[in-house]
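Some notes on the structure that comes next.
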Amino acid sequence: MPVIFSKQSSEFHLFNDKLSYIIKILENGQPGNLYYGKAIDCQPDYSYLLEGGPRALAVYTRENTYFMSPQYTKMEYPDFGRGDFREPAYVIRQENGSRISQFVYCGYKIFVGKKKLEGLPAVYVEKEEEADTLELCLEDKLTGMQMVLSYTIFREYPLIARSVFFQNHGQETVYLEHAFSASLDLPDANFEMVQFSGAWTRERQIKTRKLQQGYQGISSRRGASSAEHNPFLFLKRKSTDESQGEVYAFSFIYSGNHLEQVEVDTNNMARVSIGIHPEGFDWRLKPGETFQTPEALLVYTDEGLNAMSQTFHRVFESRLVRGTWREKPRPILINNWEATGAAFTEQKILEIASAAKELGIELFVLDDGWFGNREDDQSGLGDWYVTNFEKLPGGISGLAEKITKIGMKFGLWFEPEMVNRDSDLYREHPDWILCAPGRTPSPSRNQYVLDFSKKEVVDHLFEAMERILDSAPISYVKWDMNRYITECYSGGREAGVQGMVYHQYILGVYTLYERLIEKYPHILFESCASGGARFDPGMLYYAPQTWTSDDTDAYERLKIQYGTSYGYPVSSMGAHVSAVPKHPGARNISWETRENVAMFGAFGYELDLSILSSEEKQQIRNQNEFYKKYRSLFQFGTFYRLQSPFEKNDAAWMMVSKDQKLAAVGFYRMHEVPNGPWVRLRMAGLMPHEKYRIQHLGDRVWYGSELMNAGIVIYPKDMSLDGKDFSSALLLVEMV
């Protein structure tokens, strides 16, 4: 069994053939970490790995005992104020103002399978034997508080899922000021930390730094996971690259405020903390009440960065995404926003849809502008019904039926979390926005945030969306969110709950998603937040794909999609071809390169198809035929990064079919170099001793070992590189 308890040493060993994770109940009753890394054989006692002897200024756990000092011991879920001066995993405030807790071990459970986290996204199992779970129960006898530390290890993957459950069994109300989902102490800090930071239109850029004594980390206090800092980071050894070396990776399955940080202490130990951001969080627990933290995922590998990413890809595709669209090829779509904005007519929409059908596109998505008095971004938001029948004579149901008769599926845009002041919803319920008493709310994009911490708000939005979805054959919903939260105060509610609003807001978003998915399991939901401002694992639990960025410039998208691939599968990335020059990049990039970037994702278009030349239309028609033929490969193959656009002028990645008989390689040259050097491209993921042929490169065959170890030389003429900036080649590699 992958979880073993040694009564002799009070140790728990979680393991599979990839990793080991060893926990010891220490002399003071707290759980400590002895080891996390590459799999080791089972022994009854690993206590020789315990560190934490006497040092100057150290505080000890018991008088006259030098067994351990919390400050220098690797702890599993460290407390506050009792000698461990590093970042605590939790802080609980009592009614008397004390923030000191003393949780000690009181029991454990080991069982096959994994429990569902109520109201929260999390990875899951379909068969119990896929995973094993350890629950450590700890109690604070003074306050009556209990906590359960949960660890699930998957048998097939080098992954551990962690979360914490709190319950107040005492007689007084307490407040959780700080409740991380996981804390991990590593025995050394000889790592580089890699994070994915950016901004609107340049999301998830790779940032690397060497760990130093002190704090380094990322966070969001914006009410969303954010475009600025994705809730994902990893620690790698300096020598680690895509194909070899140690990596410790951390992903947070949550869509709100978050904090991921690494603290390096004076003893060169590294403490990783991951969870809800403590600022603005103050969760009240009355007697009998409970709190469940979101889930954190820990991945370890010594096989390099591609192996780390592939673990997340496989788990997210098959054990985070759910329902009809799990591992199901996504349709090629056309979205009208770049072509028309909100100023469209039904006739124009039908022209675009008819052209799309002729070119092999499968899904038409009507974006912003169909509801209320919406002609621009200043009005109508929140009124989810058609009032302008000059624009849409038959309403949504009439348009959807016409699109369906053309032979396409129909999708629709919503932004349910927001409202304009110039709307019927705001006029009827001005108290439904987040706004501090006596303060003027701060607008962003002329809109305000609805208070999703209130059940009546979520109920209203469900009923409004339900009416539309019941009225028409809608198979896709694009769920947008175009601003962050400010003035986070829930009007009409008592002071004691205001520290709960940020988290309750996200729980409200999850609730609305869950209710819609339950009623409309056939609908494909795509999450959007001004592009990629809420691209996180929590969203993937409800929406199997996310609009990766509002920037569809192929040069910028190459970097955005490359960075995103470290933590997220290609099938989750909405990737479209748009017109050029494209705001904000303003680059004239060829059809081939735009397509060759966008094909590695959930593919589609953002342009006016009705005004293209016959030559351009034929190009799209050919491209769609090719993509459909190899769609499963592009969306669900095994992804390998070959060359980073953040490091060199040339970039490359590839998808390999699960049987390793077929692969697609994307090669991209950002800027043409006059009389430049030859470039050698080495592939990955092929069978070493099988023969392969590369389409468009004649009849020559290569062994997989040749393509992976020696590589091929990139000759611009052979690769159809056009000798201009932003050129590319798509190579199809087939086993002979």
Side-chain angles (χ1 to χ4, degrees), residues 1-3 14 77 107-137 146-157 159-168 176 179-182 225 231 251-256 258 274-276 283 285 288-299 311-312 314-327 452 455 458 462 503-521 525 527 536-544 572:
M1 192 173 182
V3 183
L14 295 83
Y77 204 67
Y108 74 92
K109 290 181 182 178
I110 297 173
F111 57 89
V112 178
K114 184 179 188 292
K115 293 179 181 178
K116 179 180 174 63
L117 297 190
E118 289 299 321
L120 284 166
V123 294
Y124 60 88
V125 297
E126 288 194 337
K127 299 178 181 178
E128 285 189 344
E129 59 268 24
E130 293 177 14
D132 299 84
T133 298
L134 165 67
E135 292 182 343
L136 294 180
C137 182
Q146 280 193 354
M147 70 166 71
V148 177
L149 308 182
S150 177
Y151 304 76
T152 295
I153 182 167
F154 281 74
R155 297 187 183 184
E156 186 178 345
Y157 305 112
L159 177 146
I160 293 175
R162 290 185 57 179
S163 66
V164 185
F165 179 77
F166 293 88
Q167 185 162 16
N168 186 356
L176 273 175
F180 281 148
S181 297
S225 51
S251 180
F252 192 33
I253 306 180
Y254 189 61
S255 308
H258 61 89
I274 181 168
I276 295 174
W283 195 269
L285 284 177
E289 291 185 336
T290 64
F291 180 78
Q292 173 67 59
T293 73
E295 190 165 82
L297 301 182
L298 285 62
V299 167
T311 297
F312 283 117
R314 290 192 294 269
V315 171
F316 286 176
E317 286 173 344
S318 64
R319 292 298 180 265
L320 182 64
V321 172
R322 302 169 293 158
T324 303
W325 290 98
R326 189 186 81 177
E327 300 178 282
F452 266 54
K455 183 178 183 299
V458 175
F462 174 77
H503 183 56
Q504 287 178 335
Y505 176 93
I506 292 299
L507 295 181
V509 172
Y510 291 158
T511 297
L512 180 55
Y513 259 117
E514 194 67 51
R515 291 175 67 180
L516 291 168
I517 290 167
E518 184 177 347
K519 182 163 185 183
Y520 308 102
F525 284 85
S527 172
D536 59 67
M539 284 290 103
L540 291 185
Y541 187 72
Y542 305 96
S572 70

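Nothing here was measured: the structure is a model prediction, and the numbers come from that model. This chain uses plain numbering: 1 for the first residue, then up along the sequence.
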Heavy-atom check, side chain of [X] versus side chain of [Y], under 4.5 Å:
X	Y	result
Arg322	Tyr542	yes
Phe312	Leu297	yes
Val509	Met539	yes
Val123	Phe154	yes
Leu516	Phe462	yes

Which of Tyr520, Tyr541, Tyr513 passes ring pair (Phe, Tyr, Trp, His ring centres under 6.0 Å) with Phe525? Answer is Tyr513

Which atom of [X] lies closest to which atom of [Y], heavy atoms considered:
X	Y	value
Gly256	Ile506	CA-CG1, 3.7 Å
Ile274	Ala296	CG2-CB, 3.8 Å
Thr324	Pro521	OG1-O, 2.9 Å
Leu320	Pro537	CD2-O, 3.3 Å
Leu540	Ser572	CD2-CB, 3.8 Å
Ser150	Thr133	OG-CG2, 3.9 Å

Arg162 vs Phe180, side chain to side chain contact (heavy atoms under 4.5 Å, CB included): CA-CA, chis, key distance, verdict:
CA-CA 10 Å; Arg162 290 185 57 179; Phe180 281 148; over 6 Å; no

Glu295, Glu130, Glu129 screened by salt bridge (charged side-chain N to carboxylate O under 4.0 Å, His left out) with Lys114, the one that passes:
Glu295

Rounded to the nearest 0.5 Å, how far apart are [atom1] of [X] and [atom2] of [Y]?
X	Y	atom1	atom2	value
Gln167	Cys137	CD	SG	9.5 Å
Asp536	Ser255	CG	OG	3.5 Å
Met147	Phe291	CE	CZ	12.5 Å
Leu285	Phe166	CG	CZ	8.5 Å
His258	Ile253	NE2	CD1	14.0 Å
Leu149	Glu135	CG	CD	9.5 Å

How would you list, by chain and number, every residue that makes a ring pair (Phe, Tyr, Trp, His ring centres under 6.0 Å) with Tyr108, sequence neighbours excluded?
Phe5, Phe12

According to ring pair (Phe, Tyr, Trp, His ring centres under 6.0 Å), who are the partners of Tyr254, at least two apart in sequence or on a separate chain?
Phe252, His503

Taking atom [atom1] of [X] as the centre, does the number of heavy atoms from other residues, nucleotides or ligands within less than 6.0 Å exceed 12?
X	atom1	result
Lys455	NZ	no
Glu156	CD	no
Lys127	NZ	no

Under the 3.5 angstrom rule, does the side chain of [X] hit a backbone N or O of [Y] as a donor-acceptor pair?
X	Y	answer
Gln146	Asn168	no
Tyr157	Val299	no
Arg326	Ser318	yes

Kindly indicate, with the supporting measurements, whether the criterion side chain to side chain contact (heavy atoms under 4.5 Å, CB included) is fulfilled by Leu120 and Leu507.
CA-CA 7 Å; Leu120 284 166; Leu507 295 181; 3.7 Å; yes

Is a side-chain donor-acceptor pair under 3.5 Å present for Thr293 with Ser163?
no

